[in-house]
Every structure is written in C-alpha cells, then in structure tokens.
Chemist: 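A single structure is presented below for examination.
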Amino acid sequence: MEPEVNAESAGTDDRMRSVIPPGAEATPPVVDTVPMAAEPQIVFDETAPAAIVGEPEDQPAPSTETPVARIFAVANQKGGVGKTTTTVNLGAALAEEGFRVLVIDLDPQANASTGLGLNPRNLDISMYDVMLADASLEDCLEATTVKNLFVAPSSLDLAGAEIELVPAFNRERRLEKALDEVIENFDYVFIDCPPSLGLLTINGLTAANEVLVPIQCEYYALEGLGQLLRNVDLVKKNLNADLDLSTIVLVMFDARTKLAAQVAKEVRDHFGSAVCRQVIPRSVRLSEAPSFGQPITTFDPTSRGAIAYRELAREVSS
C-alpha cells in the first residue's frame, strides 16, 4: 500500500524540482540554531554623483578675489622715535620675504627717500607733484637697490604743501585717490607721515587701513601717544571708518636699563596684542645705514638690527 501524500507538501516538492537543474540532487537546507546578524547591504544610487573619499561633501569654492594690500600709516607726533627707520627697514625686510612693497615718503625732510639711496634734488616728479599737481603716482615711483621694494620719494617742496592744500578740493583724500591707481601692484604700502597732525598726516591716515606706531622705550615717548590716539579716532570717525591701530613697535630698546623694560611693560599692559613681540634694539649700525643710502638688511645683514627687523617682518606678515 503506497503512503498517502499531503497535497501541500507535494506542491512544495514540485516547486523545488522546478528550480533544481536536471541531474542535480537537492541539498537539504541547513538550519542554524543560533540566529546570525544580518550583514549590512550597500545600495548604490546610480543617479547620485560620485563622492570623493576622505573629503567633505560641501567643499567651499576657491576664492577668485585679489588679495587686498595692507596699507600702513607709520605715524607718531613725536619726532626722533624711529619712525622713518622702521618704515625703511621693515619695508626692506618684507621685500626680502618676496612681498612687493611700496614706501610713500610724505615727510618734507625726505629721510625715507635718502635712506633708500635717492637724492630728492635730482627728481623730476615727487610726492609734491602727486599731491598738488595731480601727477600720477605710477610716474612718481622709483626702484631701489632692494628687489621688490619701491619708493614714492618726497622733496623739500612738500614743506609748503600744508598751506597749499588748505584751499584744495577734496584735500584730505588726495593720497587715497592717487594710491588707487597702483595699489593692486603691491602687497604692503608704508606711508611715512610727518611728525605732526597736518594735512599731510591726515592724508596718510585717510589712505591707510592700519596705523603702525613706533614707540621709543623712554618716558617722554609715552606723552605724545595719547594725543596721537585721539587724532586717529577723529580721522576714523570723520574720514576713514576702516582705520585701525593694529601695530605698535617698541624701538630703541636698551636692555641694560630698567626704564626701557618698564616702558615696554606699560605699553604691553595697555595695548595688549597690538604690541609686537619683537623689539628693535638700540644699535649704532641702524643709525649708520641711512648715511649710505641703504636699509640695514643690505648695509649689515648680520647685525642685531637687521635680524630684529627680519623677525618683525615675519611677525607682521603672519
């Protein structure tokens, strides 16, 4: 007698035979007593763009804007505090680093011009012509012995500019307008301002976006600082809202005296991070370099002054 076949199981056997190739034996299924965790499945979406491994999905687009030059007005209402020395030597040190640097000499004494090897008496065009005769600043530029360093020289005629500018139209923005023609060719611009708050200094502060103040490490150097800060605030409120007192440099530092250390401490306590860490030591070689028409970095490259200004340039540029 043949065994009775269940209809449901018979249907299952028929379905199994339909998927097993002829001649192959059906392998009984293996049943695990311990359930296995399901492996994660990776689903590829062919419509999605390919992602780059190791990079975030939202990458900012590269900037196409031209870097903005930093324009420093080097100012201090007290004379003899190393203002021109800092302008010339810091500019030369930055030029050595590969930056294109322009020094604008707005001081009628023309010390920055002679310190870079120019004779103000032999110039066809000077800053006097730029400020009062609408001459192009590009035509005024002179190359120096230092690669990447250029100067817009002063002349003795600039001494009368304070009076001649009084009736001039837009008299506070003459330098700003002239500088717009050449600013894209430079990384740094240093404007050597006269040691007084006249129209030349106001032009320098109006054209700049930063103020650099050299402070001699002596007591009297602090007395004129308060007045300078008030004048900078006046220019900022009325003429140049972007002006910022960003850099204070301690110069003529004599480590042998307690007074120098005390002045440096007071300045740092009051102005904080605006004061550069690098100080400029008092040095005979720094005083001798202008008489040879050279910055200290070429006159005596291994001197203490040259090393100090190179370190200052790295600090400012960083």
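The figures that follow rest on heavy atoms only: side chains count, while hydrogens, waters and symmetry mates do not.
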Chemist: Roughly how far apart are L250 CG and R277 CZ, rounded to 0.5 Å?
Modeler: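 It is 13.0 Å, given to the nearest 0.5 Å.
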Chemist: Counting C-beta onward and ignoring hydrogens, is there a side-chain heavy-atom pair between M131 and L200 closer than 4.5 Å?
Modeler: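 Heavy-atom side-chain distance check passes, below 4.5 Å.
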Chemist: Heavy-atom distance under 4.5 Å between the side chains of E176 and N203, does that happen here?
Modeler: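 With C-beta onward as the side chain, the pair stays apart.
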Chemist: Is T87 reaching over with its side chain to a backbone N or O of F190, donor-acceptor style, under 3.5 angstrom?
Modeler: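 Not at all, since once roles are kept as given, no pair shorter than 3.5 Å links the two residues.
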Chemist: Side-chain contact test, heavy atoms from C-beta onward, threshold under 4.5 Å: evaluate it for V213 versus L228 and give yes or no.
Modeler: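 Yes, at least one pair of side-chain atoms sits under 4.5 Å.
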Chemist: Just to verify, what does R285 make a salt bridge (charged side-chain N to carboxylate O under 4.0 Å, His left out) with, not counting sequence neighbours?
Modeler: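 Testing R285 for salt bridge (charged side-chain N to carboxylate O under 4.0 Å, His left out), a comparison that skips the adjacent residues, returns E288, D300.
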Chemist: Restricting to non-hydrogen atoms, name the atom on N76 and the atom on P214 that form the minimum distance, rounded to 0.1 Å.
Modeler: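 Smallest interatomic distance, heavy atoms only, reads ND2-O, 2.7 Å.
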Chemist: Please set out all donor-acceptor pairs under 3.5 angstrom arising from side-chain atoms of residues 91-104, sequence neighbours excluded.
Modeler:
unit_1 : atom_1 : unit_2 : atom_2 : d
E96    : OE1    : R310   : NE     : 3.0
R100   : NE     : N185   : O      : 2.8

Chemist: Just wondering, do M252 and V81 contact through their side chains at under 4.5 Å, heavy atoms?
Modeler: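 No; the side chains remain at least 4.5 Å from each other.
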Chemist: Tell me the ring pair (Phe, Tyr, Trp, His ring centres under 6.0 Å) pairs involving residues 263-289, sequence neighbours left out?
Modeler: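 Counting only pairs at least two positions apart or across chains, no ring pair (Phe, Tyr, Trp, His ring centres under 6.0 Å) contact touches residues 263-289.
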Chemist: Less than 3.5 Å apart, any donor N or O on the side chain of Q77 or N231 sitting next to an acceptor on the other?
Modeler: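 N231 and Q77 do have a side-chain donor-acceptor pair below 3.5 Å.
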Chemist: So, taking the atom named OG1 in T86 and the one named CG in L212, what distance separates them when rounded to the nearest 0.5 Å?
Modeler: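 Between atom OG1 of T86 and atom CG of L212 there are 7.0 Å.
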Chemist: Side-chain contact, heavy-atom cut-off 4.5 Å: T201 with L106?
Modeler: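 The answer is no, as the side chains (C-beta and beyond) never meet within the 4.5 Å cut-off.
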Chemist: What's the shortest heavy-atom distance between S154 and D105, and which atoms?
Modeler: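 The pair with the smallest heavy-atom distance is CB-O, 3.3 Å.
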Chemist: Do the ring planes of F150 and F186 sit parallel (below 30°), tilted (30 to 60°) or perpendicular (above 60°)?
Modeler: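 Perpendicular, since the angle between the ring planes exceeds 60°.
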Chemist: Which atom pairs, one a donor and one an acceptor, fall under 3.5 Å between side chains of residues 258-266 and the rest of the protein, sequence neighbours left out?
Modeler:
unit_1 : atom_1 : unit_2 : atom_2 : d
K265   : NZ     : D269   : OD2    : 2.8

Chemist: Please give me the minimum heavy-atom distance between L132 and R174, naming the atom from each residue.
Modeler: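 Smallest interatomic distance, heavy atoms only, reads CA-NH1, 4.1 Å.
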Chemist: Indicate the atoms forming the closest heavy-atom contact of V130 with L137, along with that distance.
Modeler: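 Smallest heavy-atom distance, with atoms named: CG2-CA, 4.1 Å.
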Chemist: Who passes salt bridge (charged side-chain N to carboxylate O under 4.0 Å, His left out) against D254, sequence neighbours left out?
Modeler: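 Checked D254 against salt bridge (charged side-chain N to carboxylate O under 4.0 Å, His left out); matches are R256.
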Chemist: Walk me through whether R173 and L239 qualify under side-chain contact (heavy atoms from CB on, under 4.5 Å).
Modeler: CA-CA 9 Å; R173 300 187 182 275; L239 295 168; 4.2 Å; yes
Chemist: Would a single hydrophobic cluster contain both F253 and V275, if residues Ile, Leu, Val, Met, Phe, Trp and Tyr are joined by side-chain heavy-atom contacts under 4.5 Å?
Modeler: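 Both belong to a single hydrophobic cluster.
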Chemist: Please name all residues satisfying ring-ring contact (aromatic ring centres under 6.0 Å, His included) with Y309, sequence neighbours left out, ordered by chain then number.
Modeler: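 Y309 satisfies ring-ring contact (aromatic ring centres under 6.0 Å, His included) with no other residue.
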Chemist: Can you measure from OG (S113) to CZ (R121) and round to the nearest 0.5 angstrom?
Modeler: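 CZ of R121 is found 12.0 Å from OG of S113.
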Chemist: Same cluster for L286 and F299 if Ile/Leu/Val/Met/Phe/Trp/Tyr side chains link at under 4.5 Å?
Modeler: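 Shared cluster, yes.
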Chemist: Can any side-chain N or O of E315 pair as donor or acceptor with the backbone N or O of Q278 at less than 3.5 Å?
Modeler: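 Yes; at least one donor-acceptor contact below 3.5 Å.
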Chemist: Same cluster for V189 and V146 if Ile/Leu/Val/Met/Phe/Trp/Tyr side chains link at under 4.5 Å?
Modeler: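 No, because V189 and V146 fall into different hydrophobic clusters, even though each may have its own neighbours under 4.5 Å.
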Chemist: Would you check, one step at a time, whether the test side-chain contact (heavy atoms from CB on, under 4.5 Å) holds for L229 with L245?
Modeler: CA-CA 8 Å; L229 296 179; L245 197 159; 2.9 Å; yes
Chemist: Does the side chain of P290 come within less than 4.5 Å of T114's, by heavy atoms?
Modeler: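 Side-chain contact under 4.5 Å: no.
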Chemist: If you look at every heavy atom in L243 and A208, which pair is closest and at what distance?
Modeler: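 Heavy atoms only, the tightest pair is CD1-O, 3.9 Å.
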Chemist: Kindly give the heavy-atom pair with the smallest separation between R171 and V166, and that separation in Å.
Modeler: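 Looks like NH1-O, 2.7 Å.
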Chemist: Are Y188 and L116 linked, directly or through intermediate hydrophobic residues, by side-chain heavy-atom contacts shorter than 4.5 Å (ILVMFWY only)?
Modeler: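 Yes; Y188 is reachable from L116 via cluster members.
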Chemist: Would you say the side chain of L175 lies within less than 4.5 Å of the side chain of M127, judging by non-hydrogen atoms?
Modeler: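 The answer is yes, as the side chains (C-beta and beyond) meet within the 4.5 Å cut-off.
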Chemist: Begin from the C-alpha positions of N111 and K83 and carry the test side-chain contact (heavy atoms from CB on, under 4.5 Å) through to its verdict.
Modeler: CA-CA 10 Å; N111 289 335; K83 181 170 51 61; over 6 Å; no
Chemist: Could you measure the distance from the CG atom of N119 to the OG atom of S155? Nearest 0.5 Å is fine.
Modeler: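 If I round to the nearest 0.5 Å, the distance is 11.5 Å.
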Chemist: Just verifying a value: how many Å separate I202 CD1 and L197 CG, rounded to the nearest 0.5 Å?
Modeler: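 Reported value, rounded in 0.5 Å steps: 4.5 Å.
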Chemist: Nearest 0.5 Å please: distance from the CG atom of L158 over to the CG atom of D129.
Modeler: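 If we round to the nearest 0.5 Å, L158:CG and D129:CG are 9.5 Å apart.
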Chemist: Any chain of hydrophobic side-chain contacts (each under 4.5 Å) joining I248 to V316?
Modeler: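 No; V316 is not reachable from I248 via cluster members.
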Chemist: Contact between P195 and D107 at the side-chain level, heavy atoms closer than 4.5 Å - yes or no?
Modeler: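 Heavy-atom side-chain distance check passes, below 4.5 Å.
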Chemist: Is the backbone N or O of L199 less than 3.5 Å from a side-chain atom of E162, with the two atoms forming a donor-acceptor pair by type?
Modeler: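 Yes; judged by distance alone, with no hydrogens or angles, the pair exists.
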Chemist: With distance as the sole test, does N240 use its side chain to make a donor-acceptor pair with the main-chain N or O of V235 at under 3.5 Å?
Modeler: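 Absent.
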Chemist: With a sphere of 6.0 Å drawn around CD of Q227, does it hold more than 12 non-hydrogen atoms of other residues, nucleotides or ligands?
Modeler: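 Buried by this count: over 12 neighbours within 6.0 Å.
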Chemist: Please walk me through it: do L90 and L312 pass side-chain contact (heavy atoms from CB on, under 4.5 Å)?
Modeler: CA-CA 7 Å; L90 178 56; L312 179 63; 4.0 Å; yes
